[in-house]
Structures are given as C-alpha cells and as structure tokens.
Undergrad: 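Once you've had a glance at the structure underneath, I'll fire off some questions.
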There are 2 protein chains.
Amino acid sequence: MFEVLISHIEEKVTLSEKDKNALQAFFVPKRIRKRQYLLQEGDICKNLAFVSKGLLRTYNVDEKGDEHMNVFGWEGWWISDFNSFLTGIPSVFNIDAIEDSEVLLLSRTNYEEITLAIPVMDRYFRILYQNSIVTKERRLMSSVTDTAEEKYLRLSASNPEIIERIPQNLVASYLGIAPETLSRIKKNLTVKK
Amino acid sequence: MFEVLISHIEEKVTLSEKDKNALQAFFVPKRIRKRQYLLQEGDICKNLAFVSKGLLRTYNVDEKGDEHMNVFGWEGWWISDFNSFLTGIPSVFNIDAIEDSEVLLLSRTNYEEITLAIPVMDRYFRILYQNSIVTKERRLMSSVTDTAEEKYLRLSASNPEIIERIPQNLVASYLGIAPETLSRIKKNLTVKK
C-alpha cells in the first residue's frame, strides 16, 4: 500500500531509505468498500486520507437534498475536508467511495509529527499545497468563464483515464451541468472526431 | 523593512540568527506609491510580494470595464498572481497600491533557492499555504451561503482595523454587493449597537 504514497512523495522531494521506513509508522491503512463513507457531513475530519487504490469523492447535500460534487480523489490523491481537519470544526462535506478503495490515514497529531520527524515532508506538503492553490484558482476561473463543453474538454484532457472510471452523472455534477447536457457534449465531440 | 517579514515568519517557525541574516539577500525591497501598479493583467507575475508597509489589492476588469476585487494585502501579507508566478502564464489580475506601500520581492528563482538555503522556509510556506487554502474555502462557502450583512460582519470581525483603511467602494466590491447596500448594512449595524 505504501509504494503509491512513496512514489508520489518522490515525484516532489528526495526521500532517504531511513525516511521511507520511518514514514510508514505515521499512517493507518484502511479499506473502504464502494458506497461506504470515509467522512459524514457534521463530523470532524480527523484524518488526511491518501488514496493508494480506488476512487473516492467529496460532496455536499443542499436543503433540497440535491448532491453537489466537490472533488474526486484516486490513486495518488489526498482527500479530506481540509478546513475541518485543520480547525476542528464540523465537516461540510461527505466523503464516500465510488469504487472499492484503500486509503492511508494521517491523523492531525501525526501530520504535525511527521514533519518534525521527516523535515522534507514540509517541502512535500508545501509543493502539494501550492499546486492545489493553482488548481483551485483555475477551477474557480473556469467555472466563471468557460462553457460546459470547454469545462468537459479541460477535465478530460487533464485526467483522460480517470474520467472513464467516474459515473457520468457525477462528472456532470462536478462540471455543474445536467447529465443530459454532458451526453449531448460527448456526442458532439465524438461527431467532431 | 525586514522586521515585519521576520516577525511574520517567526509567528510560524523558529529562525536562527544565521537564517535571519541569510534570508534578506533573497529579497528586493520596492516602494510603490498610491495607485501605482505592482502587476498588470497580461504580464507574467515574476515575484511574490511581501507587504512590509501599506495596503495593496488584486482585482480584475471584465469586458464591460467593471472592476472585481479579489484580495487585499497589508502589513504581514503576501500578494501575487500565484498561478502566473508558478506556471509562468500571463496574469489575470492587476495589483495596485491603495496606500503608499513598501514590499519585499521574492523572485521565482529566489523562491526555490531560499527553501534550499533555509529549509525551515519550506515549513513556513507549508503553514502559510494551508492557512490560505482554509481561508479560500471559507470565503467560497461564505459567498454561496451568507447574506451581505453576514459577509460584512465576518470581514469586519476578522480584520477590524484594516477595514477602516479600505475605501468603502472596494469593500463593497470585495463582498460582491453594491456600495449603497454596504452603506445600508453599516447604518443598520450602528443602530443595533
């Protein structure tokens, strides 16, 4: 389970053999079956979860009972309600598994301790967060300026393999469009090809 | 000029005397007069700017010529088009000074080098970015769920001194409301007191 994590970290920073052995002790592995929850709205998010296998999503539910997709997380992604994790306030998101999944959980205490024990993890998280800020800004910008077709093309270009694994109604919700609109866009794109 | 920066860093991490002396060489001080630009839309953002004195803002201008406030930065804040800075794509924001200001500029190269020369700066930026992610998520959430009055109360509670320094039309733009709505809210709040 740790190979995916270690190779993800090594894309960003250099780990010594000692670091690689030391870091495993800070994580708790967990299996989550399809449709099972990792976090429920209103609970405090006690862990950052690194996805070593499978596919999960964060979403919230409005007063009318409609689900709103937030993000997907698959192999090599971290998933959490980051605000709840850091501040201890109740989570506004649900996290559940779209496929049978395996995650490595890093608790709040271990998050602090791992950066003290393995200082290069500060660099790893620094790079992870700076990329995340850029992605969030782009997505925010795209949500304002792009058409539904442009949004879909951007998503499928950046994540060509994963988009086939995600149920199409969730892709539509992520893009903020109706499932029928997504079907029409995909049909048009196929014709253009 | 460096005292504000050093004390800001020391709120988050411990700096040795050697670190404090070393870090100054990575920054270029710059004075910006009121209304002067630090960055113009379409240019590449070449520096992260730490505000050691004064008040700046980032904003964009839509096709109709209307300005949309993004963020304010005053003493102890970093200001940039972070996406442009990291990726080298043209900036979508303008940055200008609301007051006569002094900033410390950290170039892209120096940003990489400072974390190699002073590794605790990775920890500093890691903490800075994790706070920034939380703030952005809260603001996004607030923009969807809060009323204009709630938004104003949240802003003035978290930044009581600074809000008096910002022209009220910019505060209104930041909150996404008309200046007249802001005046009415403030009048109502005064009556309630």
Side-chain angles (χ1 to χ4, degrees), chain A residues 12-14 41 45 48 58 60-63 66 68 70-71 78 80-93 106 108 111-146 158 176, chain B residues 12-14 41 45 48 58 60-63 66 68 70-71 78 80-93 106 108 111-146 158 176:
Chain A
K12 296 182 171 53
V13 300
T14 309
E41 201 179 328
C45 178
L48 298 180
T58 68
N60 53 10
V61 181
D62 67 20
E63 292 111 51
D66 291 332
H68 298 275
N70 181 38
V71 295
W78 290 87
S80 70
D81 182 323
F82 197 57
N83 191 357
S84 171
F85 175 75
L86 284 175
T87 62
I89 63 169
S91 175
V92 294
F93 294 117
L106 182 66
R108 189 74 182 87
Y111 174 65
E112 291 304 328
E113 290 188 354
I114 199 171
T115 58
L116 296 172
I118 310 169
V120 76
M121 290 301 285
D122 270 327
R123 187 174 182 83
Y124 167 73
F125 284 115
R126 189 264 290 171
I127 296 169
L128 195 72
Y129 297 159
Q130 77 185 26
N131 294 347
S132 160
I133 292 171
V134 167
T135 308
K136 269 183 217 293
E137 281 185 7
R138 270 197 199 145
R139 186 173 167 205
L140 200 63
M141 198 69 65
S142 158
S143 75
V144 177
T145 60
D146 290 358
S158 59
Chain B
K12 297 182 169 54
V13 300
T14 309
E41 202 180 326
C45 179
L48 297 181
T58 68
N60 54 8
V61 181
D62 66 21
E63 292 110 50
D66 291 333
H68 298 275
N70 181 36
V71 296
W78 290 87
S80 71
D81 182 321
F82 197 58
N83 191 355
S84 171
F85 175 76
L86 284 175
T87 62
I89 63 167
S91 175
V92 294
F93 295 118
L106 182 66
R108 189 73 181 84
Y111 173 65
E112 292 304 327
E113 290 188 354
I114 200 171
T115 57
L116 297 171
I118 310 169
V120 76
M121 290 301 285
D122 269 327
R123 187 173 182 82
Y124 167 72
F125 284 115
R126 189 264 289 172
I127 296 170
L128 196 71
Y129 298 159
Q130 78 186 27
N131 294 346
S132 161
I133 292 171
V134 167
T135 308
K136 269 184 217 292
E137 280 185 6
R138 270 196 198 148
R139 189 175 164 202
L140 200 63
M141 198 68 65
S142 158
S143 75
V144 177
T145 60
D146 290 359
S158 58

Undergrad: Flag the one option from A:Val92, A:Ile127, A:Thr115 with the top tally of heavy-atom pairs under 4.5 Å to chain B.
TA: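 Most heavy-atom pairs under 4.5 Å with chain B: A:Thr115.
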Undergrad: Taking side chain as everything from C-beta outward and backbone as N, CA, C, O, which of these in B:Val120 sits under 4.5 Å from a heavy atom of chain A? Side chain, backbone, both or neither.
TA: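 Neither part; nothing is under 4.5 Å.
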Undergrad: Give, for atom CG of B:Leu86 and atom CZ of B:Arg108, the distance between the pair rounded to the nearest 0.5 Å.
TA: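 These two atoms lie 5.0 Å from each other.
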Undergrad: Could you tell me which portion of B:Ser84 (side chain, backbone, both or neither) has an atom closer than 4.5 angstrom to a non-hydrogen atom of chain A?
TA: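 Neither part.
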Undergrad: Suppose we call two aromatic rings close when their centres sit under 6.0 Å apart. Are A:Phe125 and A:Trp78 close by that rule?
TA: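 Ring centres of A:Trp78 and A:Phe125 closer than 6.0 Å.
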Undergrad: For A:Thr87, is it the side chain, the backbone, both or neither that has a heavy atom under 4.5 Å from a heavy atom of chain B?
TA: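 The answer is the side chain of A:Thr87.
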Undergrad: May I ask you to decide if the ring planes of A:Tyr129 and A:Tyr111 are parallel, tilted or perpendicular, using 30° and 60° as cut-offs?
TA: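 Answer is tilted, since the angle falls between 30° and 60°.
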Undergrad: How long is the gap from CZ on A:Phe82 to CD on B:Gln130, to the nearest 0.5 Å?
TA: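 Interatomic distance, A:Phe82 CZ to B:Gln130 CD, rounded to 0.5 Å: 5.0 Å.
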Undergrad: Find the one option among B:Ile133, B:Asn60, B:Leu128 whose heavy-atom pairs under 4.5 Å with chain A are most numerous.
TA: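 Between B:Ile133, B:Asn60, B:Leu128, the count favours B:Ile133.
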Undergrad: Once rounded to the nearest 0.5 Å, what's the spacing between atom CG of A:Asn70 and atom CG of A:Asp81?
TA: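 Answer rounded to 0.5 Å: 8.5 Å.
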